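Because the structure is a prediction, the values reported are computed rather than measured.
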Amino acid sequence: MAVQGVSASRLLLITVFLVVAAYCAFLQFLSPCLYEVDGYYNAAVANFIKDLGPRFKFHWAQVSTFRDSYGDTEFIFHLSIIPFLYLVPDIVFAGKLCVVFWNIVFLLTFLYILKKYLPGPLAAIFMALPFLSPAFTLFFLRLRAVTPAIILTALSVHCLIKKRFRYLFALSAIYALSHPSFPLMILLAFMCEAARRFKGEGFFAKNVYAVLLGGLVGLIINPTFPNNVFTMFLNGVMVPIYSVMDKGIIFGREVYTQAPDLVLTANFAVFFALVIILWMAFVRRPRISFATVAWSVPAVLYLLLALRSDRFWYPANALFFIFFASFLADCKGGGSWKDMARPLAKAGIIYGVIIAFFLPLNTRIMKDTIAFDIAYNSHFERVGRWMRANLPKGERVYHANGDNASYFLCMNPDNDYLVLCDPIYMFWKYPKEYAAFLALRQGKVEKPYEVIRDVFACRYGYTQKDRPLYRQVAGDPAHFNILYEDGFGVVFEVGRFGRT
């Protein structure tokens, strides 16, 4: 029955959309901080572009490739943060507003594509399914360019299927300006066209050319070209190689994978949806369309990559459920959705039981992770603000972890640091300094004050209390003066203080 001209199906879609959007906004503003560390770097860079323009000397990372050859591989994403920096004076709150903006764009895009394959009620259900997985939801809350990258991937695959190569060209140019994962889009285009050829529908080369040329244009018009290509190479090629080769570089946790039981728990919605797909494939034996094959390409690719690195579970979840939707449309075939009511009801009951089993566990994972993020990130915000108020401007500040500097850059751009974002940027150009950096962090240097002062030219520094270096700092008042301290870490001064 329609309500004031709105069908029940459309009303359900709008309701689910608003509920999911409100749920994500609630989680976003539940924390006074940004979620995870990279959001602070992104907010800081957006602020630099606002104040200094798109080309500036990145002096904040003194022992890094960024210092002399900074390349912004997420330029469009950083531009998208700037309107919110004008809207509110608090850089952190501006970042959170930008996350909400991209969340809404994602949901609208996701719903638009799901509606190509599913009726309204099913599309509404599928829109909510990824949020059953903590791996997806927690990443969805972060100020990171992966969200627009997923949006661009989904729209690009849709255009590949429909042979809309002009739109594909524009999307590829925007993608290359937005995220360093763009080369995967070239691979996806070729694989999709190979699949089209395999199904006897020819090889539409214009799609591949559109992705290649659009991406090339996007790379070249980036204001930081050619440094953006160099940075993309380090992040997209050398990080995976070095993580496999065990070069002694300590990358972020997301570069690696968790234990199998944690992976299953955090992504159970995908794994059990896969079971339902296999069951329906056996029972219904549908004629698989090219659209389903095309959506399976990014879904399977990101699932395989996720088995090696946790960072890929986020796009894998989103793209998998679009593939699932297309597969269900194939199961319907030439019949009606009423003919699918019985198998869908069975699948829904099974899925509901699984959700009831996993929901308490996943709720606890979400609660614990959010609580930790709030405590951890609040600490670094406090330290960064204290540094800005108390340290001399222009001083280079040592930090025991590479990611510490992303927080400090956002809260205190008045000082310089060593390396940001990823240790590859230090290791590539300064391998000896990275060895010293790692030895300091691990407490393996007999006289750490000499290395901090002479190798890194730092008078001030920061270390977390869970690092061996902290014990050396706290135990040597003759060479370290603790200036700021809380439960997580300390800011110290290096010198000769004549104390025991």
Side-chain angles (χ1 to χ4, degrees), residues 14-47 74 76-111 127-151 178-179 254 266-267 269 310-311 313-315 317-318 321 359 362-382 384-385 403 406-407 409-411:
I14 294 171
T15 302
V16 173
F17 174 86
L18 292 175
V19 168
V20 173
Y23 169 67
C24 294
F26 167 75
L27 292 178
Q28 184 60 236
F29 294 108
L30 186 65
S31 167
C33 314
L34 294 173
Y35 287 100
E36 203 241 1
V37 60
D38 286 350
Y40 289 89
Y41 161 78
N42 288 323
V45 171
N47 208 29
E74 300 175 350
I76 293 290
F77 179 65
H78 293 146
L79 289 183
S80 75
I81 303 173
I82 293 176
F84 302 99
L85 293 171
Y86 281 109
L87 189 64
V88 294
D90 186 336
I91 189 171
V92 172
F93 193 72
K96 297 175 84 66
L97 291 176
C98 186
V99 175
V100 173
F101 165 76
W102 280 112
N103 288 169
I104 292 172
V105 175
F106 174 91
L107 291 173
L108 289 173
T109 305
F110 197 43
L111 188 57
M127 182 169 55
L129 286 180
F131 295 93
L132 296 174
S133 296
F136 178 87
T137 307
L138 291 169
F139 222 113
F140 197 65
L141 300 174
R142 298 174 182 176
L143 183 63
R144 295 188 64 170
V146 186
T147 299
I150 297 173
I151 294 169
S178 302
H179 198 266
E254 67 177 36
N267 301 279
D310 281 344
R311 70 171 78 182
W313 279 115
Y314 180 41
N317 271 270
F321 283 105
L359 193 59
N362 285 339
T363 301
R364 191 177 77 242
I365 292 174
M366 292 280 296
K367 182 179 178 181
D368 292 347
T369 303
I370 289 173
F372 175 80
D373 267 10
I374 292 173
Y376 191 73
N377 292 359
S378 294
H379 159 73
F380 282 103
E381 287 190 18
R382 289 193 303 270
R385 290 191 179 100
D403 62 0
S406 294
Y407 295 105
L409 180 71
C410 183
M411 311 314 298

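Of the inter-residue distances, the one linking R382 atom CZ with C33 atom SG reads 8.5 Å to the nearest 0.5 angstrom. Remark: R144 CZ to Y41 OH distance equals 11.5 Å, nearest 0.5 Å. Rounding to the nearest 0.5 Å places OG of S80 at 9.0 Å from CG of N42. Separation of atoms CZ (R142) and CG (D373) is listed at 7.0 Å; rounding is to 0.5 Å. Rounding to the nearest 0.5 angstrom, the gap separating the CG atom in N267 from the OG atom in S133 is 5.0 Å. Put simply, CG on L87 and CG on L97 are 6.5 Å apart, with the number rounded to the nearest 0.5 Å.
Closest approach of C24 and N103 over heavy atoms only: CB-OD1, 4.1 Å. Summarising the geometry of S178 relative to F77, their closest heavy-atom pair is O-CB, 4.4 Å, with the distance given to 0.1 Å. Closest approach of L34 to G95, counting heavy atoms only: CD2-C, 3.9 Å. Listed here is the closest heavy atom pair of I150 and A318: CG2-CB, 3.9 Å. In terms of heavy atoms, A269 sits closest to L132 at CB-CB, 4.1 Å. Between W102 and I151, the shortest heavy-atom distance links the atoms CE3-CD1, 3.8 Å.
For the pair K96 (side chain) and F29 (backbone), a donor-acceptor distance under 3.5 Å is absent.
Side-chain contact check for L30 versus F26: some heavy-atom pair is nearer than 4.5 Å. Using a 4.5 Å cut-off on side-chain heavy atoms (C-beta onward), I370 and L138 make contact. Side chains of L143 and D38 form no contact here, defined as non-hydrogen atoms less than 4.5 Å apart. Using a 4.5 Å heavy-atom threshold, the side chains of Y40 and E381 count as touching.
Aromatic ring centres of F140 and F106: separated by under 6.0 Å. Proximity of the aromatic rings of F110 and F321 is defined here by a centroid distance below 6.0 angstrom, and this criterion is not met.
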**Item:** side chain to side chain contact (heavy atoms under 4.5 Å, CB included) between F380 and M411, worked out
**Value:** CA-CA 9 Å; F380 282 103; M411 311 314 298; over 6 Å; no

**Request:** I would like to know whether Y35 and Y376 meet ring-ring contact (aromatic ring centres under 6.0 Å, His included); could you show each step before the answer?
**Result:** CA-CA 10 Å; Y35 287 100; Y376 191 73; over 10 Å; no

**Asked** Stepwise, does the side chain to side chain contact (heavy atoms under 4.5 Å, CB included) test hold for E74 with V45?
**Response** CA-CA 10 Å; E74 300 175 350; V45 171; over 6 Å; no

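Each of L107, V19, L108 was checked for a side-chain contact (heavy atoms from CB on, under 4.5 Å) with M127, and the lone residue meeting it is L107.
Between Y23 and F131, the ring-plane angle classifies as perpendicular under the 30° and 60° cut-offs.
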